[in-house]
Amino acid sequence: MSDGAGITPRASDFSAWYNEAVMRAELADYSPVRGCMVIRPNGYALWELMQRSLDDLFKASGHRNAYFPLFIPESFLRREAEHVKGFAPQTAVVTRAGGKELDEPLVIRPTSETIIYAMFAKWIQSYRDLPLLINQWANVVRWELRTRLFLRTTEFLWQEGHTAHADEADAEREARQMLGIYRRFMEEWMAMPVVTGIKTAGEKFAGALRTYSCEGLMQDNRALQAGTSHNLGQNFAKAFGVQFQTVAGDLDYVWNTSWGVSTRLVGALVMTHGDDVGIVCPPRLAPVQAVVVPIWRSDAERARVLEAATRSVALLREAGVRVEVDARDGMTPGAKYYEWEGRGVPLRLEIGPRDVSAGQAMAARRTGGKSALPLDGLAQRVVVELEAVQRGLLETARARREAHTRRGVGRDELVAMMEGEGGFAYAGFCGGAECEAAIKERTKAAVRVLPDEEFRSPSAPARCVWCGAPSSAEAMWARAY
RNA sequence: CGGGACGUGGCGCAGCCCGGUAGCGCACCUGAAUGGGGUUCAGGGGGUCGCGGGUUCAAAUCCCGCCGUCCCGACCA
């Protein structure tokens, strides 16, 4: 993509399409540091809008933001056996600083459970201190060999919620609540339908009792884990001595949860809604929701048209619409259209001399379709248009997911599906690690989740798709990112 | 870490086999005309040819070494 011509179509090479769509929209760029990317203003604006929306949801559910150190003493990570086993291979460690060897190496956080719960131990004395509901927005580092813009990079941005509760039921309630908040955000803001459920023992977070996940289906029919929420049980509490005095006067360990979503969501958004022209932003998260392109020939027309465009923009801004006007000279309207389409702007308003005379603007949806909107009452009409685009994106994505979901698949069908077109496959599962491993070996597909009730098939499968033993739960398989 | 390809203006490439001092498209800058789906013409700026060594009168081109990137196989939001 050197000349601004079309990008690789999704159907011919999805990975190439993804990279080109991201680059064309100027969301990110490769950096001089291996495995690390630069998030450019367009991409960061998208992330900021995601952050703001999520942050509001976290605050509304009683969480408060805090910030913990980037560096974690190596010994902290070691205290929880499963946790260190899970992360040790991926950590970057500082051994030298200030011109000399450190007494104790400092791990650059791959996640912050250890240092946060070490602090919780100081802050929590009594059941009256519970629940403690904390969130932090931060960067983390996980050394990766194979990286993809937004989807997997060595350093990424995320939020990690960390909470402490007096009993298991309250922790479980919290973990499920946050999963629900993630789901709501993904559907209502990102227009991305997800399947929620619990991870199998083999797929859960290192150190967790249970891990819940939101799984989206991308346009190449591969699954993307978009957000996770963990009930950590008392594992970390015991490792870090997070104890409290109960109502009855006994000492007990707290129950923790942690939950996170990352800049990976930007990648998810691209792969959910993008088309062969480039990315498509759902209006609620679009940094620019509407762009006004004025069209003129003569100077007289230019003055008239710009006047109408400027007035419209002011009214739209007043109505809370994020709108820009593209009055650049020396560029044809068509060239502007392509540029804004590549950025995924959901609505374009064309205002030319004919429109000004007719008292209207031509509105073109990024998702297709043009219509004339009267300049009188334009803001209200634009808001309606944006809502329609938002709704349409979710509907299209949901229909696509349903079209690539199969239920009650048998062994041969599972293999054929995963080796072929991909998608979500629902089937019975005995719960055995051997079957899970064998299926992964044979099909490269993993159990994404044991779906929550509302996603399960009307009649529960009786037998395991692989070994034929009685099924313990319905599982959903897919090849994943 | 094992297998394959590639490093030449900002991006994409040609030139290399058969050595002679670097070219094309896009992008960028200036000017004019254009302007309802990538506008045209004219002019212009920009390159230690990944790095180091060797062969040669002469190296992007041949030889040796190194570095880096990308694609494919084991772990991960």
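Remember, it's a predicted structure, so these values are computed and weren't measured experimentally. Convention: sequence-line order gives letters A, B, ...; per-chain numbering from 1.
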At less than 4.0 Å, is any side-chain N or O atom of A:T332 found next to OP1 or OP2 of B:rU39? Yes or no.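 Result: yes.
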Among residues at least two apart in sequence or on other chains, which ones pass side chain to side chain donor-acceptor pair (under 3.5 Å) with [X]?
X: A:S15; value: none
X: A:E80; value: none
X: A:E215; value: A:K199, A:S213, A:R448
X: A:D452; value: A:R176, A:T196

Check step by step if side-chain contact (heavy atoms from CB on, under 4.5 Å) holds for A:W189 and A:R184. CA-CA 8 Å; A:W189 276 263; A:R184 188 174 157 219; 4.1 Å; yes
Test: A:R142 cationic atom under 6.0 Å from A:W158 six-membered ring centre, within 45° of axis: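 Yes - A:R142 lies over the ring of A:W158, closer than 6.0 Å to its centre and within 45° of its axis.
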Within 45° of the ring axis of A:F150 and under 6.0 Å from its six-membered ring centre, is that where the NZ or CZ of A:R148 lies?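 Output no; distance or angle outside limits.
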Suppose the criterion is salt bridge (Lys or Arg N to Asp or Glu O under 4.0 Å): which pairs have a residue in residues 279-303 of chain A, not counting sequence neighbours?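 For residues 279-303 of chain A: A:R302-A:D329.
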So does A:R183 pair up with A:E454, basic N to acidic O under 4.0 Å?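 Salt bridge between A:R183 and A:E454, a charged N being under 4.0 Å from a carboxylate O: yes.
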Among residues 153-160 of chain A, which ones have heavy-atom contacts with RNA chain B below 4.0 Å?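 Here the set is A:T153, A:F156.
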Give the residues of residues 343-368 of chain A touching RNA chain B, defined as any heavy atom closer than 4.0 Å, sorted by residue number.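 The answer is A:R348, A:E350, A:G352, A:P353, A:R354, A:D355, A:M362.
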Look at all strands and tell whether A:L151 reaches a base, only sugar-phosphate, or nothing, counting heavy atoms closer than 4.0 Å.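 Since a base atom lies under 4.0 Å of A:L151, the category is base.
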Quick one: label A:E341 by what it contacts on the DNA or RNA (base, sugar-phosphate, nothing), any heavy atom closer than 4.0 Å.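 Since a base atom lies under 4.0 Å of A:E341, the category is base.
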Could you go over nucleotides 72-76 of chain B and give all protein N or O partners under 3.5 Å, atom names and distances?
residue	atom	partner	partner atom	Å
B:rC72	OP2	A:R146	NH2	2.6
B:rC76	O2	A:R152	NE	2.2
B:rC76	O2	A:R152	NH2	2.6
B:rC76	N3	A:R152	NH2	2.7

Counting primed atoms plus P, OP1 and OP2 as sugar-phosphate and everything else as base, spell out the protein contacts along nucleotides 4-9 of chain B at 4.0 Å heavy-atom distance: B, S or - for each nucleotide, 5' to 3'. ------
Who are the salt bridge (Lys or Arg N to Asp or Glu O under 4.0 Å) partners of A:R348, not counting sequence neighbours?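 A:E341, A:E350.
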What residues, two or more places apart in sequence or in another chain, satisfy salt bridge (Lys or Arg N to Asp or Glu O under 4.0 Å) together with A:D55?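 A:D55 satisfies salt bridge (Lys or Arg N to Asp or Glu O under 4.0 Å) with A:K59 only.
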Polar atoms only, N or O, under 3.5 Å: list the protein pairs with nucleotides 40-45 of chain B and their distances.
none

Of the options B:rG37, B:rU34, B:rU39, whose atoms approach the side-chain atoms of A:D329 most closely?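 The closest nucleotide is B:rU34.
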Is A:Y337 stacked against the base of B:rG37, taking the criterion as centroid distance under 5.5 angstrom and interplanar angle under 30°?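 So A:Y337 does not count as stacking on the base.
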Could you give me the CA-CA distance, side-chain angles and deciding distance for A:D326 and A:Y337, then say whether side-chain hydrogen bond (donor to acceptor under 3.5 Å, both in side chains) is met? CA-CA 10 Å; A:D326 187 350; A:Y337 300 168; over 6 Å; no
